[in-house]
**Q** 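Structure incoming, see below.
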Amino acid sequence: MNDLSITIRPESPGDAQAIERLHERTFGPGRFVLSAYRIREHVDHLLDVSFTARIGTLLVGSVRQLPVMIGETPALLLGPLTVEPPFRSRGIGRMLMERALKDARDKGHRLVLLVGDEPYYSRVGFKLVPKGRITMPGPVDAARVLVFELVDGAFQGVSGTVAPDWSKARS
């Protein structure tokens, strides 16, 4: 099973239930207390920069991005990124991230933020946010707040509290 035929495609509204079940299996009920989930309660992710990974018709991975503000600066919040446990360590997560970042850049986004493990995400170019520069809602380990510049210099001078982009809030 080393040579998997993976298809990465934009998430569609019909994928929601399968993705929610994937999140339940991989993150459990504790996911709802995380800071990133607090933001997700108010603003939906953007389907045009969120992706699924499939082997045939089987959904094996997902990555979502939603619009946020860092102070007065628009950005995307990447996550959750998840891959079914039997298919991990095969590059699927990286493929999902690379596609999500490429399409976000192509669509004119400038910054992507996430809360995650720096050793994993630095492999695609995420960097640790200097301590005190960004505040997330709720308790967050500052060593896990990472940023990716889709445009060189886009993070220069950016600081503040991360909040949902209320202009895109659910009605």
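Throughout, residue positions are numbered sequentially from 1 according to the sequence presented.
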**Q** Pairs under 3.5 angstrom only: tabulate donor-acceptor contacts from the side chains of residues 118-128 to other protein residues two or more places apart or in another chain.
**A**
unit_1 : atom_1 : unit_2 : atom_2 : d
S122   : OG     : E118   : O      : 2.9
S122   : OG     : P119   : O      : 3.3
R123   : NE     : Y120   : O      : 3.2

**Q** Of the non-hydrogen atoms in L96 and T82, which two are nearest, and what is the gap between them?
**A**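 In this case the closest contact between L96 and T82 is CD1-O, 4.3 Å.
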
**Q** Locate the shortest heavy-atom distance separating G93 from L81; write the atom from each residue and the value.
**A**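 Heavy atoms of G93 and L81 come nearest at O-CD1, 3.9 Å.
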
**Q** Identify all side-chain donor-acceptor contacts of residues 59-74 below 3.5 Å with residues at least two apart in sequence or on another chain.
**A**
unit_1 : atom_1 : unit_2 : atom_2 : d
R64    : NE     : E11    : OE1    : 3.0
R64    : NE     : E11    : OE2    : 3.4
R64    : NE     : H45    : NE2    : 3.2
R64    : NH2    : E11    : OE2    : 2.9
Q65    : NE2    : V49    : O      : 2.8
Q65    : NE2    : A100   : O      : 3.2

**Q** Under the side chain to side chain donor-acceptor pair (under 3.5 Å) rule, collect the residues that match up with K107, sequence neighbours excluded.
**A**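 Residues passing side chain to side chain donor-acceptor pair (under 3.5 Å) with K107: none at all.
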
**Q** Kindly write out the residues that satisfy salt bridge (Lys or Arg N to Asp or Glu O under 4.0 Å) with R105, not counting sequence neighbours, or none if the list is empty.
**A**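 With neighbours one apart ignored, the set is empty.
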
**Q** R54: what forms a salt bridge (Lys or Arg N to Asp or Glu O under 4.0 Å) with it, not counting sequence neighbours?
**A**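 Once residues adjacent in sequence are excluded, the partners of R54 under the salt bridge (Lys or Arg N to Asp or Glu O under 4.0 Å) criterion are D15.
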
**Q** Cut-off 3.5 Å, no hydrogens considered: what does the side-chain donor-acceptor table look like for residues 130-144, sequence neighbours left out?
**A**
unit_1 : atom_1 : unit_2 : atom_2 : d
R133   : NE     : V158   : O      : 2.7
R133   : NH2    : F155   : O      : 2.3
R133   : NH2    : V158   : O      : 3.3
D141   : OD1    : A143   : N      : 3.0
R144   : NH1    : D117   : OD1    : 2.3

**Q** State the OG1-CG distance between T52 and L58, to the nearest 0.5 angstrom.
**A**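 CG of L58 is found 11.0 Å from OG1 of T52.
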
**Q** Just verifying a value: how many Å separate Q17 CD and E20 CD, rounded to the nearest 0.5 Å?
**A**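 Rounded to the nearest 0.5 Å, the CD-CD separation comes to 9.5 Å.
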
**Q** Provide the closest heavy-atom pair for G116 versus L146 in the form atom of the first, atom of the second, distance.
**A**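 It is O-CD1, 3.8 Å.
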
**Q** Using the test side-chain contact (heavy atoms from CB on, under 4.5 Å), find all partners of P85 that sit at least two apart in sequence or belong to another chain.
**A**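 For P85 the side-chain contact (heavy atoms from CB on, under 4.5 Å) partners, ignoring immediate neighbours, are T26, R88.
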
**Q** Test of understanding: with side chain to side chain donor-acceptor pair (under 3.5 Å), list the residues that count as partners of R21, not counting sequence neighbours.
**A**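 Listed in chain order: nothing, the list is empty.
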
**Q** Considering residues at least two apart in sequence or located in another chain, which fulfil the side chain to side chain donor-acceptor pair (under 3.5 Å) criterion with R110?
**A**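 Per chain and number, R110 pairs via side chain to side chain donor-acceptor pair (under 3.5 Å) with no residue.
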
**Q** List the steps, then state whether side-chain contact (heavy atoms from CB on, under 4.5 Å) holds for F87 with I6.
**A** CA-CA 11 Å; F87 298 99; I6 307 293; over 6 Å; no

**Q** Residues two or more places apart in sequence or in another chain: which of them pass salt bridge (Lys or Arg N to Asp or Glu O under 4.0 Å) with E84?
**A**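 Checked E84 against salt bridge (Lys or Arg N to Asp or Glu O under 4.0 Å); matches are R25.
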
**Q** Going only through I, L, V, M, F, W and Y residues with side-chain contacts under 4.5 Å, is there a path from I55 to F51?
**A**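 In one cluster with I55: F51, yes.
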
**Q** Under the side chain to side chain donor-acceptor pair (under 3.5 Å) rule, collect the residues that match up with S167, sequence neighbours excluded.
**A**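 Testing S167 for side chain to side chain donor-acceptor pair (under 3.5 Å), a comparison that skips the adjacent residues, returns D165.
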
**Q** For the hydrophobic clusters of this structure (ILVMFWY residues joined by side-chain heavy atoms under 4.5 Å, transitively), does one cluster hold both I8 and V112?
**A**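 Yes, one cluster joins them.
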
**Q** Decide yes or no on side-chain contact (heavy atoms from CB on, under 4.5 Å) for L46 and H109, but give the supporting numbers first.
**A** CA-CA 12 Å; L46 302 173; H109 297 281; 4.1 Å; yes

**Q** Could you tell me if the side chain of V129 sits less than 4.5 Å from the side chain of L113, heavy atoms only?
**A**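 With C-beta onward as the side chain, the pair touches.
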
**Q** Find the distance between CG (L150) and CG (D106) and round it off to the nearest 0.5 Å.
**A**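 One gets 9.5 Å once the value is rounded to the nearest 0.5 Å.
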
**Q** With sequence neighbours excluded, give me every side chain to side chain donor-acceptor pair (under 3.5 Å) pair touching residues 145-164.
**A**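 Output for this query is empty, none listed.
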
